[in-house]
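Here's the structure, in structure tokens; my notes come after.
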Amino acid sequence: MKKYRTRKGDGSFIELNENELKAELEQGTSDAADRGKISPLSKEELQYLFELFTYPSKFISVEMGNEVILSYDAATLKVRRVGVSTHRIQSLQVYEKLLGADMLEFDHVDYSIKPVKPIITFEQPELEQALLVTTLPLYYGAQPNLGLYNQPDGPCPNPGELYAAGKISEAQDSQEKAVEYAVSDMVQVGSEMYESGADGINFDTTGAAGDTDFLATLKAVEILRKKFPDMCIEVGMAGEFILGMHGGLSYDDVRLAGLYPHKQIELAQKAGVSIFGPVCNTKTDRSIPWNSARAVTYIKECVKNSKIPIHANMGMGVGGLPMVDHPPTDVVSRASKAMVEITRLDGL
Amino acid sequence: MGKEELFKQAMDAIISSDLKKAEEIAKKAIGEGIDPMELMSRGFRVGITRIGDLFERGEMFLPELIRSAEVMKSVSELIISALPEESREKSGVVLIGTVQGDIHDIGKILVASLLKANGFEVHDVGHDVSVETFIEKAQELNVDIIGSSALLTTTMKYQKDLEGELKRRDLRDRFKTMVGGAPVTQRWADRIGADAYGEDATDAVRRAFELLGKS
Ligand code: B12
């Protein structure tokens with residue numbers, strides 16, 4: 001039987017025959033359906049994915065008219081992360097003028113809210129300069145990164161150590177304290193950068209420290225929304241479900257731990273988020289067709305449940321793409337086309 | 001009560017982190033002459049594996065996992081004390097840490113708690129740990145397995161360095177090595193010559209038992 005070349009989640013090449021490829025797609029969608037308790041992709045959608053992954057061209061794209069917004073988080077970091085030494089503002093210009101970006105984010109190399117707070121007066125004039133040389137919507141963004149509020153990096157007793165010692169309620173109390181600190185920092189950084197002219201604020205990799213991280217973000221968004229009714233607030237996620245590092249936290253009477261994208265969006269909307277960036281994590285040991293079918297299944301349900309624009313995370317290790325520094329175009333283009341044309345989302 | 005029913009109750013006691021019930025079952029089984037190791041592997045350990053799986057799916061959360069792990073620990077001690085002196089051995093000693101330059105430690109914490117819950121003596125050396133520290137601590141604590149976690153493609157190389165450094169110091173045969181973390185795969189483990197790769201916390205426990213010939 002003819003073999004089709006594709007990749008695994010670690011970027012390595014594999015070859016699958018028709019039956020194997022179809023089985024990967026079916027297993028990928030049923031894995032997401034089973035975990036998220038949502039519907040799997042239909043037969044037609046799976047057939048469509050099969051066609052994308054067997055199409056002979058190296059690179060494919062969406063049909064004309066199906067283009068979506070391309071927004072880049074951590075834009076001032078990504079060019080430099082791969083060793084190209086540009087200034088932050090030049091990175092933005094490269095994205096806008098050479099790579100066709102529609103929305104960008106200006107950020108600090110530490111990329112967390114807490115370290116930005118003491119240097120905010122240095123960030124403001126640079127953001128202002130960046131705004132002068134770009135025309136697209138420009139966010140200021142950083143990660144809530146609640147881990148930084150724990151000892152030794154911050155004031156709260158380390159929940160990891162407390163858990164290891166069996167001190168469960170102490171670990172939970174400490175995490176609740178961290179939420180308070182983080183909310184205050186997120187509101188401060190968000191307000192000050194918005195008042196300096198940022199077109200919006202992006203809280204990226206939300207949920208990285210689990211349910212505490214997500215709760216802090218929702219609370220901060222709620223406060224910022226009241227303060228600035230017209231502000232654009234994007235929230236991007238860290239993982240496909242909210243890790244229950246605390247386990248007992250809720251927002252609007254909904255327990256946060258264990259929520260999948262189609263449930264996360266409901267709370268994000270309630271809190272006042274303008275654009276939501278769901279995530280599906282790549283399993284590096286499985287094939288890209290498996291990962292892509294799985295990601296599309298989650299995001300489709302999220303889009304269905306949403307009244308606000310959805311910009312899904314598509315990049316290294318998320319959205320069905322391999323976890324490598326330069327995700328290769330053969331699979332990036334296939335997984336992206338699948339994501340756009342099946343889920344009908346608004347941006348990547 | 002039949003043996004199978006007792007095993008099922010043992011599993012349930014772990015899942016519901018019910019210490020009293022778990023101890024009752026252990027005592028009852030021992031009193032009835034059931035092989036304590038079988039009770040462990042077909043009863044209690046099935047429960048903690050299930051907890052690990054539920055955590056991976058977002059259906060169970062860290063406090064529950066820790067509570068169940070504590071119950072598992074108490075019950076393991078009870079069972080070990082019921083074993084004849086000569087067969088009272090620990091599952092094994094594991095050193096675990098996140099490699100240099102990498103601060104991701106959530107996955108590593110989970111792996112460490114599940115290993116502990118399964119009777120391993122675990123020494124967690126934290127995150128951003130140099131190859132030097134891994135080796136020094138492994139020698140000092142005389143561990144059986146060195147487990148390293150790497151979450152970044154840029155820090156995975158320290159897992160390879162660890163293999164090389166162990167060889168250079170003629171220590172490679174003294175320890176078993178196990179690698180994990182989101183970008184890590186079996187292929188990577190094979191390439192660098194690690195003894196095992198664990199996909200998630202439950203898999204890590206399975207592999208650790210295999211490495212020590214106790215699967
Ligand atoms: C949480 C997180 C963070 C948190 C970490 C908090 C903490 N205390 O751990 C914060 C916000 C601080 C962070 C920072 C960064 N992160 Co980060 N982070 C993540 C995220 C979202 C989830 C990781 C996680 O905890 N998962 C949940 C746990 C349960 O799963 P796990 O870690 O995979 O562990 C399981 C298995 O892998 C296995 N396992 C793990 N260890 C071991 C060890 C052994 C021995 C065995 C057998 C098994 C095993 O068992 C575990 C349990 O099932 C991932 C995305 C992802 N897909 O993984 C990105 C990710 C890993 N981060 C990434 C990046 C780039 C960064 C930053 C560089 C970003 C920045 N500029 O700030 C920094 C780097 C900081 C540093 N020097 O380490 C990238 C890495 C990409 C790459 N090419 O390497 C990822 C993939 C996100 C992305 N797509 O961009 N991050």
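All chains are named by letter (A, B, ...) in the order of the sequence lines, taking the proteins before the strands, and each is independently numbered beginning at 1. Computation of the quantities below employed the complete heavy-atom set of this structure, encompassing side-chain atoms and omitting hydrogens, waters and symmetry-equivalent molecules.
Side-chain atoms of W188(B) and D10(A), non-hydrogen and from C-beta on, never get closer than 4.5 Å to each other. Residues K37(A) and E59(B) form a side-chain contact, since some pair of their non-hydrogen atoms from C-beta on lies under 4.5 Å apart.
In this structure, T153(B) contributes its side chain and V324(A) its backbone to no donor-acceptor pair below 3.5 Å.
Only the backbone of A208(A) comes within contact range of chain B, with at least one heavy atom under 4.5 Å from a heavy atom of that chain. For Q186(B), the parts lying under 4.5 angstrom from a heavy atom of chain A are both the backbone and the side chain. When heavy atoms are compared at a cutoff of 4.5 Å, D211(A) does not approach chain B at all. Contacts of K8(A) with chain B are absent, with no heavy-atom separation under 4.5 Å from either backbone or side chain. If you measure heavy-atom distances from F55(B) to chain A, the contacts under 4.5 Å come from both the backbone and the side chain. For R81(A), no part lies under 4.5 angstrom from a heavy atom of chain B. With a 4.5 angstrom heavy-atom cutoff, V122(B) does not touch chain A via any of its atoms.
Closest non-hydrogen pair, S12(A) versus R187(B), comes out as CB-NH1, 3.2 Å.
Each of R67(B), E64(B), E70(B) was evaluated against I168(A); a single residue qualifies, R67(B), per the side-chain contact (heavy atoms from CB on, under 4.5 Å) test.
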